[in-house]
Number of protein chains: 2
Amino acid sequence: MEKTRYQFVADEIRRRIVTGKYPAKSLIPDQNTLAEEFHVSRMTVKKALDGLAREGFIYKQSGLGTYVLGIVPLQTISRDSPAGAIDGLTKQLGEDRVTSDIISFDVGFPNADIQKKLDLTVNRPVYDIIRLRRVENDPFILEHTYMPVELVPGLTENILKGSIYSYLHHSLNLKFGGAYRKIHASLATPFDMKYLEAGEHDPILEVEEIVWLNNGKNIEYSTARNRYDTRSYTVLDIR
Amino acid sequence: MEKTRYQFVADEIRRRIVTGKYPAKSLIPDQNTLAEEFHVSRMTVKKALDGLAREGFIYKQSGLGTYVLGIVPLQTISRDSPAGAIDGLTKQLGEDRVTSDIISFDVGFPNADIQKKLDLTVNRPVYDIIRLRRVENDPFILEHTYMPVELVPGLTENILKGSIYSYLHHSLNLKFGGAYRKIHASLATPFDMKYLEAGEHDPILEVEEIVWLNNGKNIEYSTARNRYDTRSYTVLDIR
DNA sequence: TAGTGGTCTAGACCACTAC
DNA sequence: TAGTGGTCTAGACCACTAC
């Protein structure tokens, strides 16, 4: 797993910004100077800077130069979801802090809605999993997940108690392509009241999502529900 | 405003995907073939395809080729917020359908929280605006906006009744750099009940955001509140 | 007028995949 | 072994900015 040159350049410039060597609102050296310093072509420097611009570290203005952006007030509370959160709660919060109760774990043929969401025909079975994710033992997320059996062979209760995502990544060697999410506020159901210890009139934040692999196949349709006072969802939107 | 070559190529390939000339899940021609067809270099084709991959239209696999992604079930209800919505409600829904009631329009020195959110010192005045945005006359979003006066000179009630964003873009010629958003579910306040016609126990979806310009200056801190049954927030997250 | 970042080229070498 | 996309180069021309 060798680092490419543009990754090396991007990592180093990012480090200089984070450590204050390139202070917020200052101009960084121009692309030709950086190309000389790193012994790469200007195109390679540009590719590194393009990535940093997408991450929100810098902005480039043709004719003027490249500026360091003031760090966005990323006062992300530790339980907030980062923008690109696709790697599951366990990775986000650390393995020790997250545990999962399995509320139900079934297999069946998908109904019309799930067929559409997962892009499956009716005769392809899906897992139907409900878990309560706990953080330091407090109930945190009530997660209802559908996954095509054919893409996730060998799922066991043991895996469900830990991290599905780690199983997908490391054991099945699957790679994510992207996710489509929809965030709602909704009313607490008796289910929420029972498992999330929500009050009758507590609002619930629900994240509904479809996740697909880098080969384009849909791997998951799920809803994740939180009590309104335990979590927000954050998005960083550049350009 | 001439189109660049890679934009031309991207637009044409996007058109072929949308019209079905390149069907979902099929391989599109390789980069060399496309380069020949469009009379451009392979790097230019690659740049076009990189953009389409970020938009979620295709995925590329080294050694194999470039595939058309199945269209994500973008069953985006018309009132949902698209992922990159930064252009204001008026542009999103069309000028005819959106009107605004001005609930309050003040100027003052920013408190500590607003100073931090807008990266201002205390002696720089800010507008403090509360508007009720209506869609086809129904109350829709209760919007509380702070903006630095020095960046938005000449704001009037007339502008507030229409679209602030159109004023920023077309009259002041400002360009957005990005936004940081935080989405919450929260309890209805008496204010929500009065203006959004929310019931006492209706959950509220709140989008809190900081918007900055392409020169890195923060232009807006705002909260936008909706009744839970009128709007979701959607995010497309690639790779 | 000198300096900036954006675009574009023609060619090279690479790792990976399928056969 | 042939074909794919990824990376990288050295150089060119451009529009735009500041002086």
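If you're wondering where the values come from, they're calculated on a predicted model, not measured in any experiment. Proteins get letters first, then strands, A, B, ... in listed order; numbering begins at 1 in each.
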Whole-Å distance, A/Tyr59 OH to C/dT4 C1', equals 14 Å
Qualifying residues under side-chain hydrogen bond (donor to acceptor under 3.5 Å, both in side chains), relative to A/Glu206, sequence neighbours excluded: A/Arg225
Kindly say whether A/Pro23 contributes a backbone atom to a donor-acceptor pair with the side chain of A/Ser26 at under 3.5 angstrom? yes
Runs of at least three Watson-Crick or G-U pairs with DNA chain C, cut-off 3.5 Å: C:3-16 with D:3-16
Please check if the side chain of A/Gln7 supplies one atom and the backbone of A/Thr4 the other of a donor-acceptor pair under 3.5 Å. yes
Near B/Arg14 CZ, under 6.0 Å, is it more than 12 heavy atoms from other residues, nucleotides or ligands? yes
Do any N or O atoms from the side chain of B/Asn218 and from the backbone of B/Lys117 form a donor-acceptor pair under 3.5 angstrom? yes
Between the main-chain N or O of A/Leu160 and the side-chain N or O of A/Arg131, is there a donor-acceptor pair closer than 3.5 Å? yes
Which of parallel (below 30°), tilted (30 to 60°) and perpendicular (above 60°) describes A/Phe38 and A/Phe8? perpendicular
Over 12 foreign heavy atoms within 6.0 Å of CD, A/Glu36: no
Sugar-phosphate means primed atoms, P, OP1 and OP2; the rest is base. With that split, encode nucleotides 5-11 of chain D 5' to 3' as B, S or - using protein heavy atoms under 4.0 Å. BBBBBB-
